[in-house]
**Q** 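Input: one structure, supplied below.
All chains are named by letter (A, B, ...) in the order of the sequence lines, taking the proteins before the strands, and each is independently numbered beginning at 1.
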Protein chains: 2
Amino acid sequence: MTDRLSVIFAALADPTRRAILARLAEGDATVSELAEPFSISLPAISRHLKVLEQAGLITRSRSAQWRSSSLQAEPLREATAWMERYRRFWDVNFTRLDAHLHRIQLQERES
Amino acid sequence: MTDRLSVIFAALADPTRRAILARLAEGDATVSELAEPFSISLPAISRHLKVLEQAGLITRSRSAQWRSSSLQAEPLREATAWMERYRRFWDVNFTRLDAHLHRIQLQERES
DNA sequence: CCTATGTTTAACGCATCCGTTAATTAACGA
DNA sequence: TCGTTAATTAACGGATGCGTTAAACATAGG
């Protein structure tokens, strides 16, 4: 389980961690702030943040004794990119939509 | 870890299972066929298939003594849908692209 | 310096994951 | 019916995941 994609998916496989990401989408937050909605201990939250950090899903900065977490969505882009390979298996409109997107990209390049 | 999304992400967090899905994207296959590229035992593959099945990522059918697996991408759509919420955090062109997509959808509805 | 606050690290328990080999089940076919 | 082939289940071992409490660390501020 050493490859990047596995680390990302594993990080997302926990509801607490996904909730933390959802919270961070609204803005940076300290560990205590992130812990507040949950009925688990601060050390547990601290570990979750470590997992998210190792997956590249957050970055952290220190200000005095507070550690602020910041959402980094790049890994989600990677994970989505992997799933895109299977889009044709669920999206019946994929082929037409794909054509549309290509046309748009061409237009953007021309403008 | 009882919620559906967690089960899906956990299933994807293993490179062997992702490779199995990639293989199934090319067509249905039996357990032995799926095991062939890997240097792990058949029981191990059998367990991986069980995990994928419980995540809804494959369905299985029996024909004589062979059990064929078939890719089901619906869970990937769900996972992608969840990630979409964060698209604006990585895709700088998301707003414009989003507008384009809406226009296309309107066009489709009109035609 | 001492203390309060915020956070992390250490040490532990328990459950789950991932692999193994051996045994079992299921179905075909001579 | 008996042997062969395909796959699963059982039983086990080691690693990892997720939670806990207690201790340690870091910084602000009287």
Side-chain angles (χ1 to χ4, degrees), chain A residues 1-24 27-71 75, chain B residues 1-24 27-71 75:
Chain A
M1 224 275 280
T2 183
D3 66 292
R4 181 159 175 75
L5 220 38
S6 295
V7 171
I8 295 168
F9 281 128
L12 297 176
D14 183 283
T16 301
R17 286 195 289 265
R18 290 199 307 280
I20 288 173
L21 293 179
R23 166 63 187 81
L24 290 176
D28 295 0
T30 65
V31 179
S32 304
E33 285 168 350
L34 291 172
E36 196 272 324
F38 304 102
S39 55
I40 60 178
S41 66
L42 222 56
I45 297 293
S46 190
R47 284 178 187 283
H48 281 308
L49 292 175
K50 198 176 209 173
V51 172
L52 290 171
E53 187 176 25
Q54 282 169 347
L57 285 159
I58 64 170
T59 53
R60 315 176 77 184
S61 60
R62 131 174 296 154
S63 166
Q65 67 264 59
W66 294 276
R67 284 179 174 248
S68 182
S69 293
S70 181
L71 180 64
Chain B
M1 223 272 283
T2 183
D3 66 292
R4 182 158 173 76
L5 220 38
S6 295
V7 171
I8 295 168
F9 281 129
L12 296 175
D14 183 283
T16 302
R17 286 194 289 265
R18 290 200 306 279
I20 288 173
L21 293 179
R23 167 61 189 81
L24 290 176
D28 295 0
T30 65
V31 179
S32 303
E33 285 169 350
L34 291 172
E36 196 272 323
F38 304 102
S39 55
I40 60 177
S41 66
L42 220 56
I45 297 293
S46 191
R47 285 178 186 283
H48 280 310
L49 292 176
K50 197 176 211 173
V51 172
L52 290 171
E53 187 176 27
Q54 283 170 348
L57 285 160
I58 64 170
T59 53
R60 315 175 77 183
S61 60
R62 133 173 293 155
S63 166
Q65 68 265 56
W66 292 277
R67 286 176 178 241
S68 182
S69 293
S70 181
L71 180 64

**Q** Show your reasoning for whether side-chain contact (heavy atoms from CB on, under 4.5 Å) applies to A:Ile58 and A:Leu21.
**A** CA-CA 8 Å; A:Ile58 64 170; A:Leu21 293 179; 4.1 Å; yes

**Q** Of the non-hydrogen atoms in B:Leu42 and B:Ala35, which two are nearest, and what is the gap between them?
**A** CD1-CB, 3.4 Å

**Q** Roughly how far, to the nearest 0.5 Å, is the CG atom of A:Leu12 from the CG atom of B:Leu12?
**A**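 Those atoms lie 9.5 Å apart.
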
**Q** Determine the minimum heavy-atom distance between B:Ile45 and B:Phe38, stating which atoms define it.
**A**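 Heavy-atom minimum between the residues: CD1-CD1, 3.9 Å.
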
**Q** Mark up nucleotides 24-30 of chain C, 5' to 3', with B wherever a protein heavy atom is under 4.0 angstrom from a base atom, S wherever such an atom reaches only the sugar-phosphate, and - elsewhere.
**A** ---SS--

**Q** Name all residues meeting the side chain to side chain donor-acceptor pair (under 3.5 Å) criterion together with B:Arg18; count only those two or more places apart in sequence or in a different chain, and write none if there are none.
**A** A:Asp3, A:Ser6

**Q** If you round to the nearest 0.5 Å, how far is CG of A:Leu57 from CG of A:Leu49?
**A**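 These two atoms lie 11.5 Å from each other.
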
**Q** Using atom CZ of B:Phe9 as one end and atom P of D:dG17 as the other, report the distance to the nearest whole Å.
**A**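 Value for this atom pair: 17 Å.
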
**Q** If you restrict it to nitrogen or oxygen atoms, what contacts under 3.5 Å exist between nucleotides 19-21 of chain C and the protein, and what is each distance?
**A**
{"unit_1": "C:dG19", "atom_1": "OP2", "unit_2": "B:His48", "atom_2": "NE2", "d": "2.5"}
{"unit_1": "C:dT20", "atom_1": "OP1", "unit_2": "B:Ser41", "atom_2": "N", "d": "3.3"}
{"unit_1": "C:dT20", "atom_1": "OP2", "unit_2": "B:Ser41", "atom_2": "N", "d": "2.9"}
{"unit_1": "C:dT20", "atom_1": "OP2", "unit_2": "B:Ser41", "atom_2": "OG", "d": "2.5"}

**Q** Please enumerate all residues that pass side chain to side chain donor-acceptor pair (under 3.5 Å) together with A:Ser41, with sequence neighbours excluded.
**A** none

**Q** For the atom pair CZ (A:Arg23) and CG (A:Asp28), what is the distance rounded to the nearest 0.5 Å?
**A** 8.5 Å

**Q** So which pairs with a foot in residues 44-64 of chain B pass side-chain hydrogen bond (donor to acceptor under 3.5 Å, both in side chains), sequence neighbours left out?
**A** B:Arg17-B:His48, B:Thr59-B:Gln72

**Q** Which residues, if any, of residues 49-58 of chain B bring a heavy atom under 4.0 Å of DNA chain C?
**A** none

**Q** Quick one: A:Glu33 CD to C:dT5 C1', roughly how many Å, whole number?
**A**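 Those two atoms, CD and C1', are 14 Å apart.
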
**Q** Rounded to the Å, how far apart are B:Phe38 CZ and C:dC18 P?
**A** 14 Å

**Q** Give, for atom OG1 of A:Thr16 and atom CD1 of A:Ile40, the distance between the pair rounded to the nearest 0.5 Å.
**A** 4.5 Å

